[in-house]
Amino acid sequence: GAVVSQHPSWVICKSGTSVKIECRSLDFQATTMFWYRQFPKQSLMLMATSNEGSKATYEQGVEKDKFLINHASLTLSTLTVTSAHPEDSSFYICSATPGNLAGYTFGSGTRLTVV
Amino acid sequence: DQQVKQNSPSLSVQEGRISILNCDYTNSMFDYFLWYKKYPAEGPTFLISISSIKDKNEDGRFTVFLNKSAKHLSLHIVPSQPGDSAVYFCAASANFGNEKLTFGTGTRLTIIP
């Protein structure tokens, strides 16, 4: 079955630094990848949709200059949290689909803690 | 604007009984619905889905029912097992495939041995 690998699974960083999270589709080509954020005891909120080779589409209220998304290949998308602050601490999850009604596969998530 | 809602934040069910999780949506453009199971600090795991052309889909112990006129769907788990204890999210999409998913607020299911 389709597998999506997300790395790292957890990261602690200092306020003001940047953190990069990788999302890889291991056995399929992901035409579209999605990035979600989940705060404790809340739902998964879509942050942005990225299509390979084009700019990401951000949801309302998500700062594109703070959350940089790169989808340079059909198997890799990255989310960079720039100048992280404690309020950015959250659980970040990616999902990928090869398109054509093939379904979504989620990564295992990244717990980001900004101190 | 919460387009997908799960009004019960938690549910406790005796082992062996039926668990019924409910989900309501407001966007009439949604035509594909999915249920996911999630443990803390892990990504969601797909359980079952249903398209708007059906009103029922069954897979083993899991059955999803869709009532389009009421904009309501439910997930039935029978018989419930201790391993089913988790948070369950329903999600909806306007065009399954490349379209984004909108998630509900989640229901924490606890199966009592």
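Nearest heavy atoms, B/Glu42 versus A/Ile93: O-CD1, 4.5 Å. Heavy-atom minimum distance, B/Lys100 versus A/Phe34: CA-CE2, 3.5 Å. Smallest separation of non-hydrogen atoms from B/Ser93 and A/Tyr104: OG-OH, 3.6 Å.
Each of B/Trp35 and B/Ile20 belongs to its own hydrophobic cluster when Ile, Leu, Val, Met, Phe, Trp and Tyr are linked at side-chain heavy-atom distances under 4.5 angstrom. Hydrophobic clustering keeps B/Val78 apart from B/Tyr88 (ILVMFWY residues linked when any side-chain heavy atoms are closer than 4.5 Å, directly or through intermediates). Using a 4.5 Å cut-off between side-chain heavy atoms of Ile, Leu, Val, Met, Phe, Trp and Tyr, with links allowed through other members, B/Val87 and B/Leu34 fall into the same hydrophobic cluster. Cluster annotation: B/Phe89 and B/Leu66 are assigned to distinct hydrophobic clusters (Ile/Leu/Val/Met/Phe/Trp/Tyr, side-chain heavy-atom contacts under 4.5 Å, transitive).
Your options are A/Glu59, A/Gln42, A/Met45, and the one with the most heavy-atom pairs under 4.5 Å with chain B is A/Glu59.
The number of heavy atoms from other shown groups lying within 6.0 Å of NZ (A/Lys20) does not exceed 12. Counting non-hydrogen atoms of other residues, nucleotides and ligands closer than 6.0 Å to NE2 of B/His72 gives a total above 12. Around the CZ atom of B/Arg108, the shell of radius 6.0 Å holds no more than 12 heavy atoms that belong to other residues, nucleotides or ligands.
Interface remark: A/Leu44 contributes backbone and side-chain atoms alike to the contact with chain B (heavy atom separation under 4.5 Å). Residue A/Gln6: no heavy atom, backbone or side chain, is found under 4.5 Å from chain B. For B/Phe46, no part lies under 4.5 angstrom from a heavy atom of chain A.
Put simply, CG on A/Leu46 and OG1 on B/Thr102 are 7.5 Å apart, with the number rounded to the nearest 0.5 Å.
With A/Ser43 contributing its side chain and B/Gly104 its backbone, the two residues share a donor-acceptor pair below 3.5 Å.
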